[in-house]
Amino acid sequence: MRVPPLPELPEVETTVRGLRPVLEGRTIAEVEVRRERLRFPFPPDLRQRLTGARVTGLGRRAKYGLVHTDRGTLVFHLGMTGKWRVDPAADDKHDHFMLRTDEGRRLFLNDHRRFGSVDMVDDDALPTYAPLAALGPEPLGPDLTAAHLRRALAGRTGGIKTLLLDQRIVAGLGNIYVCEALHRSGIAPGRMGGGIAEGRLERLVVAVRKVLEESIAAGGTTLRDFQHPDGDLGYFANSFRVYGREGERCGCGATVKRRVEGGRSTFYCGRCQR
DNA sequence: ATGTCCACCTGCTGGC
DNA sequence: TGCCAGCAGGTGGACA
């Protein structure tokens with residue numbers, strides 16, 4: 001079974017890297033807002049504010065993409081099905097938001113399920129912008145350590161799987177990479193967060209970094225080697241060891257299991273993960 | 001404070 | 001063959 005990857009941290013990182021050469025240093029010549037809202041209403045002054053703005057740089061925080069301009073920062077979230085389409089051959093009914101650069105490149109934010117969001121934040125307000133300020137450490141940065149996890153998980157009785165999805169504990173993980181990281185570190189998804197030994201947390205940190213880095217590397221390869229006819233940025237081929245593989249063989253020979261918790265699928269191997 | 005559940009949304013799948 | 005219920009899940013809010 002093959003599952004299209006949802007936009008988690010690696011997909012957002014790959015998207016930002018793909019947008020950078022198109023946007024960085026450019027001036028936004030035209031902005032089109034095609035509906036009132038995605039998950040949240042578009043800022044009412046979005047079009048006016050971005051038109052004529054100069055893009056100074058692009059970045060990412062957790063699953064948020066950041067487009068810094070001389071008039072503030074455009075913060076976008078891809079939700080579950082969001083992607084940017086660059087110079088697409090044809091129009092699509094789920095192209096909700098368009099930027100045209102002074103070079104005539106056209107970028108469409110496409111999101112058929114509309115769980116994504118777009119916001120515009122003043123530079124001086126960015127450090128206290130609530131959606132970003134509440135986030136835990138970047139998993140690929142120096143602040144994600146076993147010691148951090150030990151402190152953040154202390155006393156927590158919930159399952160480690162659920163807790164790792166909490167963006168305040170670690171920022172940027174979603175259902176897919178949490179399942180993969182737990183599998184690689186041999187930790188059962190239902191294990192109580194507060195009761196995990198330090199050595200296992202060390203292994204978990206390593207596994208989280210590794211699975212994200214491998215995925216970003218794969219995405220980078222895709223961007224370099226493969227030009228999608230529609231210029232899609234945000235989805236790329238990937239292979240998972242447990243996610244979406246219910247009933248298939250784990251590397252150890254046991255069968256991959258699926259369990260639903262809180263309406264979310266958890267894929268795991270009952271033999272490798274304890 | 002913490003854990004649990006639901007709403008949001010649409011394309012796809014499986015069952016009849 | 002066609003229809004439709006059910007499912008997928010990131011996030012924020014409601015609730016106990």
Side-chain angles (χ1 to χ4, degrees), chain A residues 1-15 34-42 60-66 75-85 92-97 108-119 121 129-136 138-139 149 151-182 189-196 208 212 215 230 232 234-235 238 240 242-247 256-268:
Chain A
M1 171 166 142
R2 200 105 191 131
V3 181
L6 303 156
E8 297 189 26
L9 186 154
E11 288 73 20
V12 179
E13 178 64 32
T14 302
T15 296
R34 297 184 170 185
R35 60 165 54 241
E36 274 184 32
R37 59 182 296 139
L38 293 177
R39 182 171 166 76
F40 306 112
F42 285 103
R60 177 193 59 74
R61 175 76 171 103
K63 300 174 199 169
Y64 291 90
L66 308 173
V75 180
F76 68 84
H77 195 291
L78 297 176
M80 291 186 51
T81 55
K83 59 191 177 185
W84 283 93
R85 308 202 307 141
D92 184 276
K93 63 174 175 174
H94 300 299
D95 289 337
H96 306 304
F97 175 59
F108 292 86
L109 180 61
N110 182 285
D111 184 1
H112 72 77
R113 223 167 280 183
R114 308 209 296 270
F115 280 11
S117 63
V118 169
D119 206 352
V121 185
Y129 180 59
L132 301 182
L135 294 168
E138 280 291 317
L149 284 183
R151 284 191 298 270
L153 297 173
R156 303 296 294 262
T157 57
I160 184 67
K161 153 81 185 324
T162 309
L163 289 165
L164 287 176
L165 290 174
D166 185 337
Q167 303 295 297
R168 294 167 298 184
I169 293 176
V170 186
L173 298 180
N175 204 30
I176 295 173
Y177 294 106
V178 165
C179 289
E180 293 298 307
L182 286 174
R191 182 168 282 274
M192 195 167 59
I196 300 177
V208 164
L212 294 178
S215 190
D230 260 349
D232 281 9
Y235 286 69
N238 210 330
F240 306 117
V242 285
Y243 189 85
R245 294 191 178 279
E246 180 186 16
V256 175
K257 298 253 189 356
R258 185 174 83 104
R259 198 192 318 158
V260 177
E261 297 161 12
R264 300 290 178 265
S265 284
T266 301
F267 297 92
Y268 65 102

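Naming: A, B, ... by sequence-line order, numbering from 1 per chain.
- Residue order along DNA chain B, read from the 5' end via each residue's closest nucleotide, puts Ala154(A) first among His94(A) and Ala154(A).
- Using a cutoff of 4.0 Å between basic side-chain nitrogens and carboxylate oxygens, Arg61(A) and Glu138(A) are scored as salt-bridged.
- Atom NZ of Lys161(A) and atom C1' of dG10(C) are 12 Å apart (whole Å).
- Side-chain atoms of Arg258(A) and Ser265(A) form a donor-acceptor pair, as typed in the model, at a separation below 3.5 Å.
- Using a 4.0 Å heavy-atom criterion, one finds that Arg114(A) contacts the sugar-phosphate atoms exclusively.
- Within 4.0 Å of Thr157(A), counting heavy atoms only, lie sugar-phosphate atoms of the nucleic acid but no base atom.
- Taking atom CD of Glu8(A) as the reference point, atom C1' of dT11(C) lies 13 Å away to the nearest angstrom.
- Picking from dT2(B), dT10(B), dT11(C) the nucleotide with the shortest atom distance to the side chain of Arg113(A) gives dT10(B).
- The side chain of Leu163(A) lies closest to dG3(B) when the candidates are dG3(B), dT10(B), dG10(C).
- Here the P atom of nucleotide dG13(C) and the CZ atom of Arg168(A) are 12 Å apart, to the nearest Å.
- Within the 4.0 angstrom heavy-atom criterion, only backbone atoms of the sugar-phosphate kind lie near Ser265(A); the bases stay farther away.
- For the pair Asp166(A) CG and dT11(C) C1', the interatomic distance rounds to 11 Å; values are reported in whole Å.
- At least one test fails for Arg245(A) against the ring of Phe267(A): distance under 6.0 Å to the centre or angle within 45° of the axis.
- Among the atoms of the strands shown, only primed sugar atoms or phosphate atoms (P, OP1, OP2) are found under 4.0 Å from some heavy atom of Arg258(A).
- For His112(A), taking side-chain heavy atoms from C-beta onward, the closest of the listed nucleotides dT2(B), dG11(B), dA8(C) is dG11(B).
- Positionally, the nearest nucleotide of DNA chain B for Gly159(A) lies more toward the 5' end than for the other of Gly159(A) and Phe115(A).
- Rounded to a whole Å, the CD atom of Glu11(A) is 11 Å from the P atom of dG10(C).
- The separation between Ile169(A) atom CD1 and dG3(B) atom P is 8 Å, rounded to whole Å.
- The pair Arg85(A)-Asp95(A) counts as a salt bridge, with a side-chain nitrogen and a carboxylate oxygen less than 4.0 angstrom apart.
- Applying the 6.0 Å contact sphere to CZ of Arg168(A) captures no more than 12 heavy atoms from other residues, nucleotides or ligands.
- Regarding Arg264(A), its CZ atom lies at a distance of 9 Å from the P atom of dA8(C), rounded to whole Å.
- Ion pairing between Glu11(A) and Lys83(A) fails under the 4.0 Å rule for side-chain N and carboxylate O.
- For Lys63(A) and dT11(C), the shortest distance from a side-chain N or O to OP1 or OP2 is below 4.0 Å.
- Residue Tyr243(A) places at least one side-chain N or O closer than 4.0 Å to OP1 or OP2 of dG9(C).
- In this structure, Leu153(A) atom CG and dA1(B) atom P are separated by 18 Å, rounded to whole Å.
- Between Gln167(A) and dT11(C) there is a side-chain polar atom (N or O) within less than 4.0 angstrom of OP1 or OP2.
- For His77(A), counting side-chain heavy atoms from C-beta on, the closest listed nucleotide (dG11(B), dG9(C), dT11(C)) is dT11(C).
- At a threshold of 4.0 angstrom between heavy atoms, the contacts of Arg39(A) include nucleobase atoms, whether or not backbone atoms are also involved.
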